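Note that the structure is predicted; figures quoted are calculated from it, not measured. Heads up: numbering here begins at 1 and tracks the sequence.
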Amino acid sequence: MDFKEKIAIIQDFPKEGISFKDITPLIGDGPAFKELIDTMAEKLRAQGVDYIAGPEARGFIFGVPLAYALGIGFIPIRKPGKLPQETVSITYDLEYGSDTLEIHKNAFKEGDRVALVDDLLATGGTISACAKLIELAGGEVVSVDFMIELTELHGRDKLEGYNVNSMVQYDI
């Protein structure tokens with residue numbers, strides 16, 4: 001299936017000059033969404049992944065069903081104050097300011113193999129911070145997987161050394 005056909009392009013959203021890639025038609029189409037998750041799961045199955053991790057909120061959309069399809073656990077990466085147990089955190093720079101993400105300190109045993117999953121790879125800052133956070137918590141990031149990659153933003157550059165995969169690519 002050509003998953004690109006299931007993604008709506010909304011021009012000038014959320015502001016003029018932005019070409020928004022809307023995944024809601026894809027995730028709203030049961031058979032297409034199932035095929036996407038099955039395709040992503042098949043690629044990850046061969047890598048012997050122990051856990052799927054994903055940042056809130058859109059990483060949950062793809063990460064949870066992937067974990068289910070693989071019969072493994074899902075580990076959420078959240079904003080500060082959202083996780084009830086002791087956490088490990090990382091603060092990273094954004095274009096204008098900074099942000100912080102957290103993961104449970106006991107999320108992984110040393111050497112657990114983790115696939116990091118999110119909806120979109122743009123500049124790579126957030127997902128790079130997520131990968132470092134997983135490593136701080138003891139996991140080994142063996143794959144970084146996206147539904148969409150905006151290739152002109154060169155997000156892969158911030159993920160050098162990781163196995164990066166995307167299902168659909170756009171020049172922007």
**OP:** Output the distance between atom CG (L66) and atom NZ (K43), rounded to the nearest 0.5 Å.
**Re:** 11.5 Å
**OP:** Drop me the distance from D119's CG to I23's CD1, to the nearest 0.5 angstrom.
**Re:** 5.0 Å
**OP:** May I ask you to decide if G48's main-chain N or O and R113's side chain share a donor-acceptor pair within less than 3.5 Å?
**Re:** yes
Subject >> Flag if over 12 foreign heavy atoms under 6.0 Å of NZ, K79 >> reply: no
Subject >> T87 (side chain) donor-acceptor with K105 (main chain) under 3.5 angstrom >> reply: no
**OP:** Treat each ILVMFWY residue as a node, draw an edge where side-chain heavy atoms are under 4.5 Å apart, and state whether F20 and L26 are in one component.
**Re:** no
Original post:
Can you name the closest pair of heavy atoms from N163 and Q47 and give their distance?
Top reply: ND2-OE1, 3.5 Å
Subject >> Interatomic spacing from CG in L153 to CG in L120 - rounded to 0.5 Å >> reply: 8.5 Å
Subject >> K6 atom NZ, neighbour heavy-atom count above 12 within 6.0 Å >> reply: no
Subject >> Minimum heavy-atom distance between I9 and S19, given as atom pair plus value >> reply: CG2-OG, 3.2 Å
Original post:
If every non-hydrogen atom of P65 is compared with every non-hydrogen atom of I37, which pair is closest and at what distance?
Top reply: O-CG2, 3.7 Å
Subject >> With I75, the side chain to side chain contact (heavy atoms under 4.5 Å, CB included) member among I103, D50, I52, V114 >> reply: I103
Original post:
Does a side-chain heavy-atom distance below 4.5 Å link K21 with L150?
Top reply: yes
Subject >> Donor-acceptor pair, side chain of E149 and main chain of F146, under 3.5 angstrom >> reply: no
**OP:** State whether the number of non-hydrogen atoms from other residues, nucleotides or ligands found under 6.0 Å of E160 atom CD is greater than 12.
**Re:** no
Original post:
So how far is it from D118 CG to F60 CZ, rounded to the nearest 0.5 Å?
Top reply: 10.0 Å
Subject >> Between CD1 on residue I61 and CE on residue M147, distance to nearest 0.5 Å >> reply: 11.5 Å
Original post:
Hey, does the side chain of E35 reach the backbone of M1 with a donor-acceptor pair shorter than 3.5 angstrom?
Top reply: yes
Original post:
More than 12 foreign heavy atoms under 6.0 Å from CZ of R58: is that the case here?
Top reply: no
Original post:
Got a salt bridge between E42 and R45, using NZ or NE/NH1/NH2 to carboxylate O under 4.0 Å?
Top reply: yes
